[in-house]
Colleague: 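Next up is a structure, given as structure tokens.
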Amino acid sequence: MLEVFTLITSTVTALGVGGIAVAMANLSIDRWKQSRTQLFEFKQKRYAATVILMIARIGPKEDLPKLSRVRLDLASVEDVHRELDVELLNAFLFASDGVIAGLTHFIQAPSRRGLLTVADEMRRDLYGSSTNLRPATIDSISALSAHSLH
């Protein structure tokens with residue numbers, strides 16, 4: 001009789017501990033997924049804001065007035081440049097190395113080609129490195145974008 005009681009107690013205990021372990025693992029996984037989702041959404045917002053600043057930096061005559069209606073603190077090209085510097089420093093907290101390197105290069109020498117390169121790095125950072133976009137394609141897109149403005 002004692003053996004049966006021991007067996008039942010051991011089984012109930014094992015199932016209880018196993019259930020707790022599974023619950024703890026599920027909680028940990030859920031928290032990890034939530035933090036990854038929050039990071040992804042944060043990156044999307046920061047990257048979108050940075051791209052808008054880059055567009056205004058390249059075409060200040062056309063795009064700065066539109067931006068300054070939404071962001072009253074960005075009235076000049078210098079304001080946009082300072083804001084890009086701030087975005088670069090903030091990027092050190094969350095962006096991939098490719099995004100940081102590309103944004104640094106863009107700030108030093110703003111161009112449509114540079115903007116597209118940074119945007120491609122942002123896309124890789126957000127969605128993985130499964131993209132097959134080639135530099136020649138970026139050059140073609142850059143030429144189309146520049147041509148369409150004239």
Side-chain angles (χ1 to χ4, degrees), residues 11-150:
T11 304
V12 169
T13 302
L15 289 175
V17 170
I20 291 171
V22 168
M24 297 285 284
N26 285 338
L27 179 63
S28 178
I29 290 168
D30 289 344
R31 284 185 179 167
W32 180 82
K33 285 179 183 178
Q34 183 180 14
S35 70
R36 298 300 297 171
T37 299
Q38 288 173 341
L39 178 61
F40 179 82
E41 291 171 355
F42 175 76
K43 282 183 176 187
Q44 276 186 318
K45 289 177 185 175
R46 292 300 353 120
Y47 287 168
T50 301
V51 167
I52 290 168
L53 289 169
M54 293 168 69
I55 291 168
R57 179 70 177 93
I58 293 171
K61 289 181 184 177
E62 301 86 12
D63 299 314
L64 188 56
K66 297 173 196 170
L67 178 60
S68 62
R69 280 186 233 133
V70 179
R71 293 274 314 263
L72 300 175
D73 59 323
L74 301 176
S76 69
V77 175
E78 291 78 23
D79 294 336
V80 172
H81 187 75
R82 275 193 300 277
E83 191 71 10
L84 279 169
D85 284 341
V86 169
E87 289 294 342
L88 175 62
L89 295 173
N90 284 333
F92 273 87
L93 299 175
F94 62 86
S96 70
D97 293 349
V99 171
I100 293 168
L103 188 54
T104 300
H105 180 72
F106 176 86
I107 289 171
Q108 293 169 346
S111 68
R112 289 203 183 284
R113 173 71 166 85
L115 185 152
L116 291 169
T117 299
V118 174
D120 184 46
E121 287 294 335
M122 290 173 173
R123 185 175 67 132
R124 289 173 194 267
D125 189 25
L126 288 170
Y127 304 108
S129 60
S130 62
T131 179
N132 291 320
L133 196 60
R134 303 272 191 263
T137 305
I138 292 175
D139 289 338
S140 297
I141 295 168
S142 180
L144 286 173
S145 298
H147 179 69
S148 66
L149 292 176
H150 300 316

Colleague: With side chain to side chain contact (heavy atoms under 4.5 Å, CB included) as the test, would you mind laying out the steps for Asp73 and Asp79 before giving the verdict?
Modeller: CA-CA 7 Å; Asp73 59 323; Asp79 294 336; over 6 Å; no
Colleague: Could you go through the salt bridge (charged side-chain N to carboxylate O under 4.0 Å, His left out) check for Arg123 and Asp120 one step at a time?
Modeller: CA-CA 5 Å; Arg123 185 175 67 132; Asp120 184 46; 3.0 Å; yes
Colleague: Run Glu121 and Asp125 through side chain to side chain contact (heavy atoms under 4.5 Å, CB included) and show every step you take.
Modeller: CA-CA 6 Å; Glu121 287 294 335; Asp125 189 25; over 6 Å; no
Colleague: Between CZ of Arg31 and CD of Gln34, what distance do you get to the nearest 0.5 Å?
Modeller: 9.0 Å
Colleague: In terms of heavy-atom contacts, does CG of Asp30 have more than 12 from other residues, nucleotides or ligands at under 6.0 Å?
Modeller: yes
Colleague: Any idea which heavy atoms bring Val80 and Leu53 closest together, and the distance?
Modeller: CG1-O, 3.5 Å
Colleague: Rounded to the nearest 0.5 Å, what separates atom CD in Glu83 from atom CE in Met54?
Modeller: 14.0 Å
Colleague: When rounded to the nearest 0.5 angstrom, what distance separates NZ in Lys43 from OG1 in Thr50?
Modeller: 12.5 Å
Colleague: First locate atom CG of Asp85, then atom CG of Asn90, and finally report the distance between them rounded to the nearest 0.5 Å.
Modeller: 11.0 Å
Colleague: Using the side-chain contact (heavy atoms from CB on, under 4.5 Å) rule, pick out the option among Val77, Ile52, Leu67, Ile107 that qualifies with Arg57.
Modeller: Val77
Colleague: Please report the shortest heavy-atom distance between Val118 and Phe106, naming the atom on each side.
Modeller: CG2-CB, 4.2 Å
Colleague: Between Thr117 and Arg113, is there a side-chain donor-acceptor contact under 3.5 Å, judged purely by atom types and distance?
Modeller: yes
Colleague: Quick one, Ile58 and Asp63 - any side-chain contact, counting heavy atoms below 4.5 Å?
Modeller: no
Colleague: Output the distance between atom CG (Leu88) and atom OG1 (Thr104), rounded to the nearest 0.5 Å.
Modeller: 4.0 Å
Colleague: So, taking the atom named OH in Tyr127 and the one named CD in Gln44, what distance separates them when rounded to the nearest 0.5 Å?
Modeller: 4.5 Å
Colleague: Please verify the inter-ring angle class for Phe94 with Tyr47; under 30° counts as parallel, over 60° as perpendicular, anything in between as tilted.
Modeller: tilted
